[in-house]
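When reading the values below, keep in mind they use all heavy atoms of this one structure, side chains included, and skip hydrogens, waters and symmetry mates. Numbering of residues begins at 1 and proceeds along the displayed sequence.
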Amino acid sequence: MNDTEVNKTIQQMVRFIKQEAEEKSSEISVAAEEEFNITKLQLLESEKAKVRRDYERREKAIVVKKKVEHSKLLNESRLKVLQAREDAVQAVIKDAQKSLGTLSMNASEYESLMLALIVQGMYKLKENAVKVRCREIDVSLVQSLLPRASKLFSEKYGSKAPDVTLDEKNRLPPPPRDVPSSDGFHEYSFCSGGVVVASADGSIECSNTLDDRLRIAYTTNLPEIRSKLFGSLE
């Protein structure tokens with residue numbers, strides 16, 4: 001083989017090697033680009049998922065916060081409504097308490113009321129002898145009513161009336177001043193009228209004072225009072 005043929009052969013080999021190298025380089029570039037795109041896509045999806053999780057977490061936190069705030073506002077509103085209703089009930093009680101003081105101003109009506117309260121107390125005690133306790137300002141009235149009370153008792157219940165006397169040692173408190181207590185009623189150191197009927201030894205008592213009757217009426221009729229003030233939803 002001469003030099004020309006050798007050079008030709010070498011050039012062919014060089015071209016072959018170069019072509020093969022280029023093809024290999026192209027394959028490597030394509031593979032690298034594909035791997036880069038795949039990695040980039042994976043990173044992008046990973047970041048998207050992270051952003052979505054963070055957004056969902058923040059969104060849930062906002063929803064929870066709104067629910068807490070709504071519940072707080074709702075409770076505060078309910079408390080305000082309950083307080084307003086309680087204030088309205090107490091205002092009714094206060095008005096009723098004030099009206100008790102006017103009962104004794106009508107002499108004939110107060111006299112009939114006191115007679116009925118004495119007789120009722122005598123009947124409830126079912127004792128052979130009772131004492132009637134009243135305010136200092138009602139002593140004369142009660143003293144005058146005792147004989148009538150005995151007679152009315154016998155007529156009404158068809159039995160002998162117990163011996164009834166005025167309790168000279170104990171008096172009920174005087175009329176109330178405008179000093180209501182926290183529950184809407186005056187303190188027990190005041191009395192709007194009425195009587196307390198007690199056994200002879202004082203061991204049993206039936207309180208028929210106007211204040212206690214109001215308390216009983218309030219406790220017994222509280223649901224109805226609220227219903228009338230606030231409707232059936234109460």
Pair up each side-chain donor or acceptor in residues 34-50 with any protein partner under 3.5 Å, not counting sequence neighbours, and list the distances.
from, atom 1, to, atom 2, distance (Å)
N37, ND2, E33, O, 3.2
T39, OG1, E35, O, 2.8

**Study point:** Hydrophobic cluster of V196, others only, ordered by chain and residue number, side-chain cut-off 4.5 Å
**Key:** L172
Exercise for review: Answer yes or no: is there a side-chain heavy-atom contact under 4.5 Å between P162 and N128?
Suggested key: no
Check your understanding: Can you find a heavy atom in the side chain of S192 that is under 4.5 Å from one in the side chain of T209?
Key -> no
Practice item. Check whether any side-chain heavy atom of V197 lies under 4.5 Å from a side-chain heavy atom of Q120, and answer yes or no. Key: no
Practice item. Could you pull out all residues at least two apart from S203 that satisfy side chain to side chain contact (heavy atoms under 4.5 Å, CB included)? Key: S199, D201
Check your understanding: Among all residues two or more places apart in sequence or in another chain, which pass the ring pair (Phe, Tyr, Trp, His ring centres under 6.0 Å) test with Y123?
Key -> Y157
Revision key, fill the gap. When rounded to the nearest 0.5 Å, the distance separating CG of L166 from SG of C134 is 5.0 Å
Check your understanding: Within a strict 4.5 Å, meaning less than it, do heavy atoms of the I118 and F153 side chains meet?
Key -> no
**Study point:** Listed partners of N221 passing side chain to side chain contact (heavy atoms under 4.5 Å, CB included), at least two apart
**Key:** A217, E224, I225
Exercise for review: Can you measure from OG (S71) to CD (E76) and round to the nearest 0.5 angstrom?
Suggested key: 10.0 Å
Exercise for review: Apply side chain to side chain contact (heavy atoms under 4.5 Å, CB included) to K156 and list each qualifying residue two or more places apart in sequence or on a separate chain.
Suggested key: none
Review point. Checking S154 side chain against S159 main chain: does a donor-acceptor pair fall under 3.5 Å?
Key: yes
Practice item. Check side chain to side chain contact (heavy atoms under 4.5 Å, CB included) between A129 and all other residues, then give those that pass, not counting sequence neighbours. Key: D163, A200
Review point. Got a second to check how far I216's CD1 is from D211's CG, nearest 0.5 Å?
Key: 11.0 Å
Point to revise | L210 and L103, any side-chain heavy atoms less than 4.5 Å apart | key: yes
In residues 57-68, what donor-acceptor pairs under 3.5 Å come from side-chain atoms, sequence neighbours left out?
from, atom 1, to, atom 2, distance (Å)
R57, NH2, D54, OD1, 2.6
R58, NE, D54, OD2, 2.8

**Study point:** Donor-acceptor pair, side chain of T219 and main chain of R215, under 3.5 angstrom
**Key:** yes
Check your understanding: Are I137 and L115 connected in a single hydrophobic cluster, I mean Ile/Leu/Val/Met/Phe/Trp/Tyr linked by side-chain heavy atoms less than 4.5 Å apart?
Key -> no
Donor-acceptor contacts, no H, no angles, side chain residues 19-26, under 3.5 Å, sequence neighbours left out:
from, atom 1, to, atom 2, distance (Å)
Q19, NE2, E23, OE2, 3.4

Revision key, fill the gap. Residue pairs meeting salt bridge (Lys or Arg N to Asp or Glu O under 4.0 Å), one or both in residues 132-143, sequence neighbours left out, come to R133-D167, R133-E205, R135-D138, E136-R171
Check your understanding: What distance do M114 atom CE and N208 atom CG have between them, rounded to the nearest 0.5 Å?
Key -> 10.0 Å
**Study point:** Residues that E127 engages under side-chain hydrogen bond (donor to acceptor under 3.5 Å, both in side chains), provided they are two or more places apart
**Key:** none
Check your understanding: Got a sec, which pairs hit side chain to side chain donor-acceptor pair (under 3.5 Å) with one end in residues 140-151, sequence neighbours left out?
Key -> E111-R148
